[in-house]
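Notes follow once the structure below has been shown.
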There are 2 protein chains.
Amino acid sequence: MPDSLRRFKADIFQALAHPTRIAIIELLANGELSAGELIAKLGMEQANVSQHLAVLRTKQLVVNRKAGNQVFYAVRDPIIIKVLALMRRYFQKNLKGALELLNEIDNTPADSGR
Amino acid sequence: MPDSLRRFKADIFQALAHPTRIAIIELLANGELSAGELIAKLGMEQANVSQHLAVLRTKQLVVNRKAGNQVFYAVRDPIIIKVLALMRRYFQKNLKGALELLNEIDNTPADSGR
DNA sequence: ATAATATATTCGAAGTATCGAATATTCCAA
DNA sequence: TTGGAATATTCGATACTTCGAATATATTAT
């Protein structure tokens, strides 16, 4: 497999490699939502959510449509949702090791949670 | 879904978010290989491959077994291979947009920036 | 013991990602 | 045609990632 293809895949994974962006995709799994609705449901800074949406847009994981004042987002291809579903299964199967990992993450020193 | 779970998933995606690590997983898809064999097939610096293996080990995507002088690596759970297979489908389905993305990456102007 | 081989770790430089604050753009209503 | 709401972009500080070079550790052969 050519390296350019691997870079492409790596890029998609990079786009998914942030809790907020995973949350966004999961929120969009059942249909489109406006940026404002996403911001409300996530309970995060407007600018921050918008930046994460920009990442997902750039990597083409989501599409958006303007409706007057608002912008509605949707997952571009359901395969991405399948990938997340697989990850859920992976988590369940590997619960034990996963919990250890989570502990490590949680105990990561006073890292104000980025 | 709790945020800790999303952080866990994000962490796995982060581990997959590098072309070399994707190449490693793909090389291991058909069975275990020694670190040396991986290094040879990848044609990269020993230290670098070893560092990438360390990432995959830490995130528990691979397991390893020592045999005398050598260390053999294997993918821990075939779900991960399925995830990569899904990504291959995604790439094929979205070939057009993907190619544009690849172009952008390649043509990223003599990027002294960022 | 000593050397040779296989693999892992540490270090520091350079690049990349993330955040909130501030600012800009776009669209609609009055 | 001004004002307000929704969304996007820019900026700078801080944290994280990646690389090769150098070094360390472990295992076998001499």
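All chains are named by letter (A, B, ...) in the order of the sequence lines, taking the proteins before the strands, and each is independently numbered beginning at 1.
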>> What I want to check is whether an N or O donor and acceptor connect the side chain of A:Glu45 with the base of C:dA21 at under 3.5 Å.
In response: no
>> For A:Ser34 and B:Met44, find the nucleotide of DNA chain D closest to each by heavy atoms; which residue's nucleotide sits nearer the 5' end?
In response: A:Ser34
> Of B:Val55 and A:Ser50, whose nearest nucleotide on DNA chain D comes first from the 5' end?
Replying inline: A:Ser50
> How are the rings of B:His18 and B:His52 set relative to one another: parallel (under 30°), tilted (30 to 60°) or perpendicular (over 60°)?
Replying inline: tilted
> Please give, in whole Å, the distance from C:dT16 C1' to A:Arg7 CZ?
Replying inline: 16 Å
> Testing A:Arg57, A:Glu32, A:Glu37 for side-chain hydrogen bond (donor to acceptor under 3.5 Å, both in side chains) with A:Tyr73, which one passes?
Replying inline: A:Arg57
> Within this structure, what is the CG-to-P distance between A:Asp11 and D:dT17, rounded to whole angstrom?
Replying inline: 16 Å
> Expressed in angstrom and rounded to an integer, what is the separation of A:Asn64 atom CG from D:dA8 atom P?
Replying inline: 7 Å
>> Counting only side-chain heavy atoms from C-beta out, which of D:dA8, C:dT7, C:dA8 sits nearest to B:Leu53?
In response: C:dA8
>> What's the closest nucleotide to the side chain of B:Val71 if the choices are D:dA8, C:dT7, D:dT9?
In response: C:dT7
> Do B:Gln70 and D:dT28 share a donor-acceptor pair, side chain to base, under 3.5 Å?
Replying inline: no
>> From CZ of A:Arg6 over to C1' of D:dT18, roughly how many Å is that when rounded to an integer?
In response: 18 Å
> For the pair made of CG in B:Leu42 and P in D:dC19, what is the distance, rounded to whole Å?
Replying inline: 11 Å
>> Taking any heavy-atom pair under 4.0 Å as a contact, classify A:Tyr73: base, sugar-phosphate, or nothing.
In response: sugar-phosphate
>> What contact category does B:Ala47 fall into here, base, sugar-phosphate, or nothing, at under 4.0 angstrom with non-hydrogen atoms?
In response: base
>> Rounded to whole Å, how long is the line connecting atom CG of A:Asn69 with atom C1' of C:dC27?
In response: 5 Å
>> When you measure from the side chain of A:Arg21 to the backbone of B:Ala10, do you find a donor-acceptor pair of N or O atoms at a distance under 3.5 Å?
In response: no
> Quick one: B:His18 NE2 to C:dG15 C1', roughly how many Å, whole number?
Replying inline: 12 Å
> Is any side-chain nitrogen or oxygen of A:Lys66 closer than 4.0 Å to OP1 or OP2 of C:dC27?
Replying inline: yes
> Rounded to the nearest 0.5 Å, what separation is found between the CZ atom of A:Phe72 and the CG atom of A:Leu33?
Replying inline: 8.5 Å
>> Tell me the interatomic distance from B:Leu38, atom CG, to C:dT7, atom C1', rounded to whole angstroms.
In response: 12 Å
>> Please check: side-chain N/O of A:Arg76 versus main-chain N/O of A:Gln60, any donor-acceptor pairing under 3.5 Å?
In response: yes
> Is any side-chain nitrogen or oxygen of A:Arg57 closer than 4.0 Å to OP1 or OP2 of D:dT9?
Replying inline: yes
> Any idea how B:Tyr90 and A:Phe8 line up, ring-wise: parallel (<30°), tilted (30 to 60°), or perpendicular (>60°)?
Replying inline: parallel
>> Base, sugar-phosphate or nothing for A:Asn48? Non-hydrogen atoms, less than 4.0 Å.
In response: sugar-phosphate
>> Looking at B:His52, I'd like to know whether one of its side-chain N or O atoms comes within less than 4.0 Å of OP1 or OP2 on D:dT17.
In response: no
> Is a donor-acceptor contact shorter than 3.5 angstrom present between the side chain of A:Gln46 and the base of C:dG20?
Replying inline: no
> Would you say the side chain of B:Gln51 and the base of C:dT10 hold a donor-acceptor pair, judged only by whether the two atoms sit under 3.5 Å apart?
Replying inline: yes
